[in-house]
Amino acid sequence: MKNIVFAINDGYIKQLCVTITSIINNNKHIHFHVISSDLSQDSKNAILHLLHNRHDLLIDFIELDNKIFKGLKLNIDYISVETYFRYVIADILPKIDKCLYLDADLIVNGKLDDFYNTDLGNNYCAGVKDLYIEMLNYKKNINFNSDDLYINAGVLLLNLSKMRKDKISDVLIKNTIKFSDKIEFQDQDIINITFKNHIISCDSIYNFTSQNVIDEWSKHRRACIIHYTGKRKPWNADCPNKMKNIWTKYAKIMDKTMKKKIKVALLIDEFFGGAGTPFGGYGALARKYIAKYVPNDLISIDVILGSGGHRFRARKYHVDDVVLYKMPRKHWASRLFLKRKNYDIYLSIELTNDWVLKHEPNNSKKLILWIQDPRPKYEWDEIATMTLMPEPNYYNQKIYDLVHNLYEQNRVRFISQAYFLNRKAIDLYRLKKNTQITYMPNPIEIDEEFDLKSYKKKNKIIFLGRLEDVKRGWIFCEIAKKLPEYDFFVLGKINTTKKNTAAFWDQYKNISNLHFAGHVDGEEKNQFLKDAKILINTSIHEGLPVSFLEALSYGCCLVSNRNPDELTEKFGIWVGDVLGNGFDKIDLYVKAVKELMENDAKRRKLSIAGRKYVQQIHNIKKVISDLRNVIYTEVQ
């Protein structure tokens, strides 16, 4: 594999993308290394997009502090400090013995194999004589004889092992300082001075500069690396280079490639009410955040809700400008649908259905699995201690075996919304203990105009979630009975699909300070969160509930028997583990509520800290950027 190195700043990203496009259109098996001090995530993603579906290409982004070069001379107005980064390539790539350094104002219009395979022997590099320097009769200014080799430093085949052995980076920096008053062509002069008599001269077709176009036009059809030297570049209207049309050709190819979006299939069984699906936390994450924010100029998302509906064709829905599908119920029809769609990658919030993945005809497609609430058998044992409204056990070994098999094939990338979930995922999917699981906190829409410090909250306490099974909402109702001085609001629907469920909740509807608001969303929900001082969560089992984060974002303190990543004890009161139906532990919650409601200074301090935490960690812009990066990386 050929190693190719670039050193750029963020302002040169389009030019670099054109250069890379030209390389990968003519060459295979390349490992790119991009060195920069300020490359944005969007710029990195643009480069990754160029490489997607090319499994013979690799790329590393290397961040380098440019302070060590700040004092070095810059006397060419269109060249930045990044030009000196090539001095330290041997040090920042310690396991590589040879690389090709390229400027980003050039085009590779042919195969690099012959040039790259040049035997460097005991020399520092191979390069091409600089005809512009020869024309200027400049070499005498740096004490070179007329027949001494002086190369253009925009294309360098570097002998990194010798450079490391001779600690050449230190010599290059020292010489730059030593000769600062004598040099005009900055690092290029220093490279030639330092490497003198240890440079192999190569055919000019491997660095066909603007001067070569003038002096060696007879070679232009064989030019492999066309280097647009000088101030006027081919992306400028006044560029005089007769070969600028070749740069334009690859720029058009690059633009066309960028328009081919990465196609992501989001696997989920609910979309927060969309297409008739339930209102749940996974669906809220899918609809309010992933499908809304992740798509951009480079990524598109379809939502697949498993199988259902028609036997032979997919059912299509449009929700919030997002396309949703329910797959055909016939196996062959699902395989045909997925073959036609040809998604680049799958993204799943947990994985509750195997229909899509088991019908994917391409066995190299990858899955990004966002761990939200993995439940190994020992978790179900705890849930089973609750008997009042038993939670249906949906433990599904087939799903977990599928994920394990994908893991064994290196086809799954794990991301996790909370650190405490990682161990559960490792147990559930039978992963190695050192499996890489990337922290990806759930994003939260934060009302930046809400001024928590000046807003007068009310003596309201809320429960946010569906009134069913694992949530144990009856504990909340029992707490309300014991604290008549405060108003308690249940924000969530009663599950009426189960026999006698509605009748069960009727027993609590005559409590004067307890209000059943039903399902609320949008501004109505936000107003409850603004007004409330405390969110109580009574679930026997949770991941890291979105309701925790939404509440914290509006300065609601937490009271719960669940303590995911220690958030409850950091921003409220953790009452300890409460198993079973929970009636014997009501007083623990009552005590916690009283402590926060009666100690306003403590509650306000915790509420301010909680909001700050959400702003810093669950920031939408950062999380979405990180998630896009995972998508680009895994597709590439």
Side-chain angles (χ1 to χ4, degrees), residues 281 417-418 420 441-442 444-448 450-465 471-473 475-480 482-492 513-515 517 520 525-539 542-578 582 585-619:
Q417 69 141 332
F420 83 105
N442 286 348
I444 291 295
E445 193 96 53
I446 299 169
D447 183 355
E448 298 294 350
F450 176 64
D451 187 355
L452 175 59
K453 293 181 180 180
S454 65
Y455 191 86
K456 292 184 178 179
K457 283 183 170 283
K458 300 175 174 59
N459 286 336
K460 289 184 177 181
I461 299 164
I462 60 174
F463 174 96
L464 183 54
K471 303 295 183 183
R472 296 190 305 187
I475 296 178
F476 182 79
C477 298
E478 294 291 339
I479 300 167
K482 295 199 171 193
L483 293 169
E485 63 268 37
Y486 306 123
D487 284 320
F488 288 73
F489 291 85
V490 176
L491 313 181
N513 66 321
L514 178 61
H515 313 279
V520 297
K525 182 175 76 173
N526 292 344
Q527 192 60 53
F528 274 110
L529 293 169
K530 289 177 183 178
D531 290 341
K533 291 182 177 179
I534 296 174
L535 171 83
I536 296 180
N537 178 283
T538 57
S539 298
E542 286 283 11
L544 197 169
V546 172
S547 62
F548 275 30
L549 305 175
E550 290 175 332
L552 291 173
S553 76
Y554 283 103
C556 288
C557 291
L558 307 176
V559 169
S560 180
N561 53 284
R562 306 304 304 178
N563 192 25
D565 279 359
E566 291 76 50
L567 291 190
T568 305
E569 59 183 313
K570 287 178 182 175
F571 309 119
I573 296 177
W574 175 46
V575 302
D577 294 330
V578 176
K585 304 291 185 182
I586 302 298
D587 287 343
L588 293 177
Y589 300 92
V590 171
K591 180 182 177 183
V593 171
K594 280 184 175 181
E595 183 177 340
L596 290 174
M597 296 298 279
E598 294 173 2
N599 188 341
D600 201 55
K602 176 180 180 178
R603 182 195 60 77
R604 287 177 63 83
K605 182 179 179 181
L606 292 174
S607 68
I608 290 169
R611 177 170 166 84
K612 184 177 181 181
Y613 162 79
V614 174
Q615 287 175 314
Q616 291 177 341
I617 304 301
H618 297 271
N619 179 281

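All of these numbers come straight from a predicted model, not from anything done at the bench.
The two residues Cys556 and Lys457 come nearest to each other via the heavy atoms SG-NZ, 4.0 Å. For Pro545 against Pro564, the heavy-atom pair with the smallest separation is CD-CG, 4.3 Å. Taking every heavy atom of both residues into account, Gly543 and Gln417 meet most closely at C-NE2, 4.3 Å. Scanning all heavy atoms of the two residues, the minimum distance from Phe528 to Ala517 falls at CZ-CB, 4.2 Å. Of all heavy-atom pairs between His618 and Tyr613, the closest is NE2-OH, 3.0 Å. Nearest heavy atoms, Asn563 versus Thr568: OD1-N, 3.1 Å.
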**OP:** Go through Leu596 and Ile573 one step at a time and tell me if the side-chain contact (heavy atoms from CB on, under 4.5 Å) criterion holds.
**Re:** CA-CA 8 Å; Leu596 290 174; Ile573 296 177; 3.8 Å; yes
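Between Phe476 and Phe463, the ring planes are tilted. Angles from 30° to 60° get that label.
Judged purely by distance below 3.5 Å, without hydrogens or angles, the side chains of Asn561 and Tyr589 pair a donor atom with an acceptor atom.
A donor-acceptor pair under 3.5 Å is absent between the side-chain atoms of Gln615 and the main chain of Ile446, judged by distance alone.
Take Lys525 and apply the salt bridge (charged side-chain N to carboxylate O under 4.0 Å, His left out) test, not counting sequence neighbours, and it matches Asp521, Glu550.
Each salt bridge (charged side-chain N to carboxylate O under 4.0 Å, His left out) pair with one or both residues in residues 553-576, not counting sequence neighbours, would appear here, but there are none.
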